[in-house]
Protein chains: 2
Amino acid sequence: MILIADDEERDRNWLKSLLTENFPDNMPVEEAHDGQQVVDMAAKLKPPLVFLDIKMPHLSGIKAAEQILNNLPNTGIIMLSNFSDEVYVRQLWKVVPPNGVFGYVLKNASNEQVVEATKAVLSGDCWIHPGIARVIQRTQNRATNLTTAEYEALVCIALGMTDHAIAKRLYLTEKAVQSRLKSLYAKLGIPGRGESHDTEFNQRCRAVFLSTKRGLINQSELDDWESKLSQETKAST
Amino acid sequence: MILIADDEERDRNWLKSLLTENFPDNMPVEEAHDGQQVVDMAAKLKPPLVFLDIKMPHLSGIKAAEQILNNLPNTGIIMLSNFSDEVYVRQLWKVVPPNGVFGYVLKNASNEQVVEATKAVLSGDCWIHPGIARVIQRTQNRATNLTTAEYEALVCIALGMTDHAIAKRLYLTEKAVQSRLKSLYAKLGIPGRGESHDTEFNQRCRAVFLSTKRGLINQSELDDWESKLSQETKAST
DNA sequence: AGCATATCCGGGGTTTACCCCAGCCAATTG
DNA sequence: CAATTGGCTGGGGTAAACCCCGGATATGCT
């Protein structure tokens, strides 16, 4: 039994036919179309393998993985994603248990790669798409990997908050915020005011641009953060 | 004869089988896998209908459409896109001739919608995906539609440039740049310094955030702009 | 012509974002 | 234990971003 979760019908059909052809022993293939549903179905069906699209309504694939692994730690998880965004790799690393079994394939993967990943995870190995190998590399390099503090600050400036607003929200001094931002700029390799020769940068906006380019943040994640933010400010009034 | 262009094999196959089933009279279906190739093939084959993915290597679907329509103004064009980004609608409006025939469908469209769009364009009508109707609305509303000047400034701040750098690049005064930005902020509905009660915003970053959210700009477009920028600065030294 | 709009430019302000420097505390590591 | 690292705090400064105002030009519409 294999459980797949994706909100796009076309992708579900593609994956389902691929699996039924290549893994007839693991039939049937069950389908879910959002994050909450796949968690419920996994609890009942206890499948050995679950495919999760990251971008799904109600509950993201990553959070769904977290809940599934809470109940059934031995479930094999294969994440499907459209992009090699570093945010997701960050989050995954926290969710997956130390010796957890999982795979990560991009949606532009060839059929052979998906089959390969499925075989690997079913037999207890990991399979990581080559396209995100360098991303994982970066998340473990001390000089470029962002700390949680820096990441929080990054999200805030990407939402367009001022230093003052960030300080209030994170219960910090403005100086502390600026300290976080300074080390963030350094890790992103953004030149300071005097050090640039050809082009001058507004570090704040430049940091957002580079981080988005590198997949450290993306729009759908920022939208989540913003809705949390507006909920909090609403609650505090 | 129908020509389709998409760099993703899976999408090509999906579209091709859909067309051969529903439009047997218009066989065969020819395929191209990037923007340059589809322009060349269109010149030779002179198909009445061309499907274009917007995001393609070498040449975007929009620029490909421009070149195809230059040679063969009566070609029917149907754009395929993953997102309802306002940038693309902006650009498209300039490229398509006043009475040009074209369609615009999002990639999450149902099979029925694609068939419907194809019928419409083949018989000389337009077909616009309902999801971008409101976007088109916005591009024609005076209060929210950005002028070219404001759009240029928006791209520059999104790349992380300072007022001074923007002025140098666009051959303007810093005051002129700030004037553009001011009206940009107004159209995006970003509150000024005194006017906000609950949340304070850094207008510059906030503008980038909101514009990205609304699809006025997106990362791949910005990457194009940045490569142009670095070419120019290289040439001027 | 009169009117509105878009754009650029100027003067003269305030606030915010960034700069350098130094020190303190906590947790980790050899 | 010392040594290092990550993080917060502070003083005191510069420059960039934003504010309000008025004025000039050009364009297009009625």
Side-chain angles (χ1 to χ4, degrees), chain A residues 139-154 156-196 199-210, chain B residues 139-197 199-210:
Chain A
T139 60
Q140 286 170 346
N141 179 342
R142 182 99 62 79
T144 53
N145 178 29
L146 301 190
T147 65
T148 311
E150 287 150 357
Y151 184 76
E152 279 179 341
L154 170 60
C156 288
I157 62 170
L159 291 176
M161 299 168 68
T162 61
D163 288 2
H164 181 247
I166 300 172
K168 215 165 47 176
R169 178 172 157 70
L170 300 179
Y171 305 102
L172 295 171
T173 336
E174 287 191 37
K175 285 289 183 183
V177 175
Q178 294 176 346
S179 168
R180 289 184 174 195
L181 288 178
K182 191 187 168 190
S183 55
L184 172 68
Y185 299 153
K187 286 194 181 169
L188 292 174
I190 302 171
R193 282 192 170 147
E195 315 157 37
S196 168
T199 318
E200 300 170 14
F201 288 123
N202 176 315
Q203 299 175 298
R204 213 181 185 77
C205 288
R206 188 67 179 169
V208 175
F209 172 71
L210 289 179
Chain B
T139 61
Q140 287 170 346
N141 180 343
R142 185 93 60 83
T144 53
N145 178 30
L146 300 191
T147 65
T148 311
E150 287 151 357
Y151 185 75
E152 279 180 341
L154 170 60
V155 170
C156 286
I157 63 170
L159 290 175
M161 298 169 69
T162 60
D163 289 0
H164 181 247
I166 300 171
K168 215 165 46 177
R169 178 170 156 71
L170 300 180
Y171 305 102
L172 295 171
T173 338
E174 288 190 37
K175 286 290 182 183
V177 175
Q178 293 178 345
S179 168
R180 290 184 173 195
L181 289 178
K182 191 186 168 190
S183 55
L184 172 69
Y185 299 154
K187 285 192 182 171
L188 291 174
I190 303 171
R193 280 187 170 149
E195 315 157 38
S196 167
H197 305 287
T199 319
E200 300 168 15
F201 288 122
N202 176 316
Q203 298 174 298
R204 216 183 182 75
C205 288
R206 187 65 180 171
V208 175
F209 172 71
L210 289 179

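Throughout, a chain's letter reflects where its sequence line sits, starting with A, and its residues are numbered from 1.
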S.K.: Has Ser179(B) got a side-chain N or O lying under 4.0 Å from the OP1 or OP2 atom of dC9(C)?
M.R.: no
S.K.: Roughly how far, to the nearest 0.5 Å, is the NZ atom of Lys175(A) from the NZ atom of Lys182(A)?
M.R.: 10.5 Å
S.K.: Rounded to whole Å, how long is the line connecting atom CG of Leu170(B) with atom C1' of dT7(C)?
M.R.: 13 Å
S.K.: Would you say dC9(C) has OP1 or OP2 under 4.0 Å from some side-chain N or O of Gln178(B)?
M.R.: no
S.K.: Between Lys182(A) (NZ) and dG7(D) (P), how many Å, whole number?
M.R.: 14 Å
S.K.: Could you check which of dC19(D), dA17(C), dA6(C) has an atom nearest any side-chain atom of Asp163(A)?
M.R.: dA17(C)
S.K.: Whole Å only: how far is the CG atom of Leu184(A) from the P atom of dG6(D)?
M.R.: 14 Å
S.K.: Please tell me which of the listed nucleotides, dT7(C), dC19(D), dG7(D), lies nearest to the side chain of Glu150(B)?
M.R.: dT7(C)
S.K.: How many Å lie between CG on Leu181(B) and P on dC8(C), as a whole number?
M.R.: 11 Å
S.K.: Measuring to OP1 and OP2 of dG7(D), would you say a side-chain N or O of Arg180(A) lies under 4.0 angstrom away?
M.R.: no
S.K.: From dC8(D), dC18(D), dC8(C), pick the nucleotide closest to the side chain of Leu172(A)?
M.R.: dC8(D)
S.K.: Not counting sequence neighbours, which residues clear side chain to side chain donor-acceptor pair (under 3.5 Å) with Asn202(A)? List them please.
M.R.: none
S.K.: Just wondering, do Ile157(B) and Val208(B) contact through their side chains at under 4.5 Å, heavy atoms?
M.R.: yes
S.K.: Strictly distance-based, threshold 3.5 Å: is any side-chain N or O of Arg206(B) a donor or acceptor partner for the main-chain N or O of Leu159(A)?
M.R.: yes
S.K.: Atom NE2 of His164(A) and atom P of dC18(C): how far apart are they, to the nearest Å?
M.R.: 16 Å
S.K.: Return the value, rounded to whole Å, for the distance between atom CD1 of Ile166(A) and atom P of dC8(D).
M.R.: 13 Å
S.K.: Go nucleotide by nucleotide along DNA chain C from the 5' end; which of Ser183(B) and Asn202(B) gets its closest nucleotide reached first?
M.R.: Ser183(B)
S.K.: Test for a donor-acceptor pair under 3.5 Å between the base of dG7(D) and the side chain of Lys175(A), counting only N and O atoms.
M.R.: no
S.K.: Considering only side-chain heavy atoms of Thr162(A), which listed nucleotide, dC18(D), dC18(C), dA17(C), is closest?
M.R.: dA17(C)
S.K.: Figure out the CD1/P separation between Ile190(A) and dC18(C), and round it to whole Å.
M.R.: 9 Å
S.K.: Using modelled atom types only, decide if a donor and an acceptor are shared between the side chain of Thr173(B) and the backbone of Ala176(B) within a distance under 3.5 Å.
M.R.: no
S.K.: Nearest to the side chain of Gln203(B), which nucleotide is it out of dC8(C), dC18(C), dC18(D)?
M.R.: dC18(D)
S.K.: Provide, to the nearest angstrom, the distance between the OH atom belonging to Tyr185(A) and the P atom belonging to dC19(C).
M.R.: 8 Å
